[in-house]
Every structure is written in C-alpha cells, then in structure tokens.
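For reference, the structure discussed in these notes is given below.
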Amino acid sequence: MNRRDSTDILIIGAGPAGALAATLLRRQGRRVTVIEREVFPRFSIGESLLPQSMGLLEAAGMLQDVVEAGFQYKNGAAFARGEERTAFDFREKSSAGWGTTYQVQRARFDQVLADHATRQGAEIRYGHQVLAADVAGERPRLTVRAPDGGEYAIDGEFLLDASGFGRTLPRLLQLDTPSDFPPRGALFTHVEDGIAQGGPAAANFDREKILITVHPRHCDVWYWLIPFSNGRASLGVVAEQSFLEGYAGSDTERLQALVGEDPGLSRLLANARWDTPARQIKGYAANVKSLWGHNFALLGNAGEFLDPVFSSGVTIALKSATLAAAALQRQAAGETVDWEADYARPLKRGVDTFRAFVRAWYDGRFQQIIFHPHKNETIKRMISAILAGYAWDETNPFVAQPERRLASLEAACEVGG
C-alpha cells in the first residue's frame, strides 16, 4: 500500500448525514472527501421524513433539489388500533417551522443529496470500503479498499462517521455500548399497494400521511405503511426478535402472515402486488460510549439509533451533520470547541426527547394518550411538534421535560377515562 491521500475533512458514508455535512463544509471552503462503500443508487430503509428536516435541508441550500425530485407530499401521521383512528396534522403544531415534508424512496432521495454535495465540490468515492481507522495521531487516517481491490491510506484534519447502520468507527474502535431497548427487528418491503383500486377501506386512506397500525393483540408490535407518489408504498412490521422468529417461511411469507393478522391493514392492501422480496433487519437499536473523540465525531445512526416508530432517523442524522459542521467552522476559525458541550449534548437533548416517546409507545402509555377520545388541543399541538421532528425546541414542555409530561398526561387520561 504505497498510495497516500490527504484532504481537509474525511467523511465515511454518503447518506443524508454525510451529504449534508459535505455540502455545509464545502460552503465553508473546506476540501471534503467522502468514502462510500456502496454504489448509488442503493436501497435504504427509512422513507418517511419529518418537517424539521426541511428546515435543515433549506439552510444547506439543498431543498430545491428535493422539492423538484417529485416525492410524495406528507403533512402528518395517522394511527390505527383496531377500529380506532387518530391523526396528527404537522401543520397544526406548537413549534415554528415547516409543517410539511415528503415520503421518499431513499435510493432516489439519497442520490439527490449526494449529487448536490458533488456539485458543491465534495469528492465522493463510491465503492470504496474502510478497512481500518487510526485516530491516535495528529490527523485521523483511514485504510481504504478501492473497487479494483487496491488499498490506500487517506488522512484529514477531522473525521466524520456518517456510515449509518454500517457503524464503521464504533465497530473499528470498539465504541459500542448496549442499547437500553429490547432487541427488536423489522420485516419490510416495497409493494405496488393497489389502494386506489380498493373499496371502502381505501376511501378514507390519506396518502399524505404515514400510517402506523398497532397489532390487534400485541401493543408493542406495529406496522408502517408509507405511500409513495408512484402508487407504491413501503410496508413493514416491527416487533421483538423473539416474536418475529415465531413465524415460519421466507421473510416475505412472514411479513404477509403478520399483515394478515390485522383486518384493517388486510382490507387496505387487498389489491397489493407483492413484487419485491421482503428483507429483515435485526437488533437495530444501538448506542456508543461517546459521540466524539480525538479529531472525530459520529453522525446520525453511526452514533445512536433508537427505533423507526416516529421516523426520527433522518432528522437526527441531518441535525447531527448541521451541529458538527458548525463546530468545525468555529474550530477552523481558531476557536476552541468543546465537542461534548457544543455537539454531543445539544444533539442528545433531541435524541432523549425521542427516546422518551419511543419508550412510552412500546409500554402503551403513548398509545393510550393519542387514542384517548377527548384531546386537549393545546397539548395535541405540542405532541404534533415532537412528531414533526421539533425535538430540540425547549419552549415545548414535552421537550423540556418529556418523561414528566408524558407521565402527567397518562395519569390525566386514566382519570378522564
């Protein structure tokens, strides 16, 4: 391995976090090299965006490209449990900012963002795999395998890991710590949903919202249905791995069996064409000892992934990239940056808000709240803001004290009957 390259900022991964960070850093005049293992476009899960993401994309100058891509408009989230229905319109929220967003095929969405970063001057090396990372020296260095099998080293002033579920630095540097969530898994696919040809069940279906359906017998098992603009949809089920392992057959057969257990979802998808083999992801919840270290930081899912139930993954990824780019700009200007105070803690504030809501979803408290027949409109707007991604808005009591507020609201629901 004789080849040695150098850049200003090294980024692992060209997904949303990596592309946004690369764009912001190029606007600062930094040389940016992105090492991406896959060749784009490539499949990725996590298709339902939150409105908070729109503001982050807009600030980076990337929003026009997303708007012009023709994705499915989204204005909220709908929930179903048996015959019960409830919905949140994200335009009716307590936090200022965007109230609408998109539901996206991630292969196309990620390509749009990566292409924007390339036009800004970032170098993205597709098909290059990180083999080793050395962060002990003055400049972090990666050992990389190129598509032709040759290996080379590349170093930079700073290293950002935006590798998502690949979790490159946590794996190579032994940064992982156990998540405090039970090991859950997901079965998922894309289908031609056929809802437009459906009967009464389809008449009330809103393609402008993600549909979250609670399993008829298990409150901790749920389905997502994310409509796209082309008559297709992302469909998946989430449960503890032990539950999913109780179903036999291929991943597609297991997912079909589980969908068949919910009458409402079965009626809605009665005309669906299952034309794509289902996939499975196991034990996706992850955590790390620290979100940063000597001249490196972890972005998005590379640092921590909670759960897909509130579609928070891309929003957290984009927020982390925005915070990291701002810290690097200050650092380049000669300021002293405290990565714990200036990056990790601000990021964790929003993540911890989502964490409280995820816990409340799986233990049934949040479901009791949202399906309660008598809702306080002011409180509903506060919750809508969280579901829209505004988990860093500390003027919202459910951000400032999420556990306490959720507990109080649950108690009120119990008293109210």
Side-chain angles (χ1 to χ4, degrees), residues 16 46-60 62-63 66-67 69-81 84-106 109 204-214 222-229 233-234 306-319 322 349-351 353-358 360-361 366-367 369-372 375-400 402 405-406 409:
E47 301 101 339
S48 195
L49 305 184
L50 301 183
Q52 166 83 306
S53 298
M54 305 295 279
L56 299 172
L57 292 167
E58 185 177 33
M62 306 175 86
L63 184 59
V66 174
V67 171
F71 296 118
Q72 172 66 50
Y73 175 82
K74 174 187 173 183
N75 62 24
F79 296 86
R81 185 177 65 178
E84 297 176 286
R85 299 290 185 272
T86 191
F88 289 83
D89 187 325
F90 293 158
R91 295 165 295 185
E92 298 171 2
K93 59 180 179 15
S94 60
S95 298
W98 282 81
T100 60
T101 184
Y102 296 102
Q103 296 177 151
V104 303
Q105 293 97 327
R106 282 287 303 279
F109 176 74
N204 296 321
F205 181 67
D206 186 352
R207 295 195 75 88
E208 296 180 354
K209 292 179 175 63
I210 181 176
L211 173 63
I212 302 295
T213 302
V214 182
W222 61 276
Y223 311 83
W224 76 71
L225 182 62
I226 302 170
F228 298 136
S229 59
S234 174
L306 298 174
D307 192 271
V309 65
F310 298 124
S311 306
S312 60
V314 172
T315 297
I316 292 172
L318 298 180
K319 181 70 173 182
T322 301
R349 279 198 287 273
V351 172
T353 300
F354 283 123
R355 187 194 311 279
F357 275 70
V358 169
W361 171 266
F366 189 68
Q367 296 176 34
I369 290 167
I370 63 172
F371 288 113
H372 194 274
K375 295 180 179 66
N376 178 294
E377 287 303 314
T378 299
I379 291 175
K380 185 177 180 180
R381 290 173 66 87
M382 293 175 184
I383 292 175
S384 183
I386 304 294
L387 298 180
Y390 293 92
W392 290 267
D393 177 12
E394 295 200 34
T395 66
N396 185 340
F398 284 89
V399 172
R405 293 288 179 169
L406 284 168
L409 192 53

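Atoms considered below: every heavy atom in the structure, side chains included; atoms not considered: hydrogens, waters and symmetry mates.
- At a threshold of 4.5 Å between non-hydrogen side-chain atoms, the residues Trp392 and Ser95 do not count as touching.
- Using a distance-only test at 3.5 Å, with no hydrogens or angles considered, no donor-acceptor pair links the side chain of Thr100 to the main chain of Arg91.
- The two residues Pro227 and Phe205 have their closest heavy-atom pair at CG-CZ, 3.5 Å.
- At a threshold of 4.5 Å between non-hydrogen side-chain atoms, the residues Asp307 and Trp361 do not count as touching.
- For the residue pair Leu211 and Thr213, the shortest heavy atom distance occurs at CG-OG1, 3.7 Å.
- Looking only at distances, no side-chain donor or acceptor of Glu208 sits under 3.5 Å from a matching main-chain atom of Tyr73.
- Phe366 is not listed as a side-chain neighbour of Leu409, based on a closest heavy-atom distance of 4.5 Å or more.
- Distance alone, capped at 3.5 Å, is enough to place a donor-acceptor pair between the Ser229 side chain and the Gly70 backbone.
- Atoms NZ and CD, on Lys74 and Glu47 in that order, are 11.0 Å from each other to the nearest 0.5 Å.
- Taken to the nearest 0.5 Å, the OG1 atom of Thr101 stands 8.0 Å off from the CG atom of Leu57.
- Heavy-atom minimum distance, Ser312 versus Leu50: CA-CD1, 4.0 Å.
- Proximity of the aromatic rings of Phe310 and Phe354 is defined here by a centroid distance below 6.0 angstrom, and this criterion is not met.
- How far OG1 of Thr86 is from CD1 of Ile369: 12.0 Å, rounded to the nearest 0.5 Å.
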Would you sort out whether Phe398 and Thr353 count as a side-chain contact (heavy atoms from CB on, under 4.5 Å), showing the intermediate values?
CA-CA 8 Å; Phe398 284 89; Thr353 300; 6.0 Å; no
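- Under a 3.5 Å cut-off, the side chain of Ser384 and the backbone N or O of Lys380 do not form any donor-acceptor pair.
- Considering CG of Asp393 and NZ of Lys93, their distance stands at 9.5 Å, rounded to 0.5 Å.
- With rounding to the nearest 0.5 angstrom, the CZ atom of Arg405 is 9.0 Å from the CG atom of Asn396.
- Under the 4.5 Å side-chain criterion, counting only non-hydrogen atoms from C-beta, Ile212 is in contact with Trp224.
- A distance-only check finds no donor-acceptor pair linking the side chain of Tyr102 to the backbone of Met54 [under 3.5 Å].
- Of all heavy-atom pairs between Phe228 and Gln72, the closest is O-OE1, 3.4 Å.
- To the nearest 0.5 Å, atoms CH2 (Trp98) and CG (Asn75) are separated by 13.0 Å.
- Proximity of Pro16 to Arg106: side-chain heavy atoms (C-beta onward) are separated by under 4.5 Å at one or more points.
- Between Ile386 and Phe88 the shortest side-chain heavy-atom distance does not fall below 4.5 Å.
- Using a 4.5 Å heavy-atom cutoff, the side chains of Gln105 and Phe71 are in contact.
- Minimum heavy-atom separation, Met382 to Pro397: SD-CD, 3.8 Å.
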One pair to check against side-chain contact (heavy atoms from CB on, under 4.5 Å): Val214 and Phe79. What are the steps and the verdict?
CA-CA 8 Å; Val214 182; Phe79 296 86; over 6 Å; no
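- Side-chain contact check for Pro51 versus Tyr390: some heavy-atom pair is nearer than 4.5 Å.
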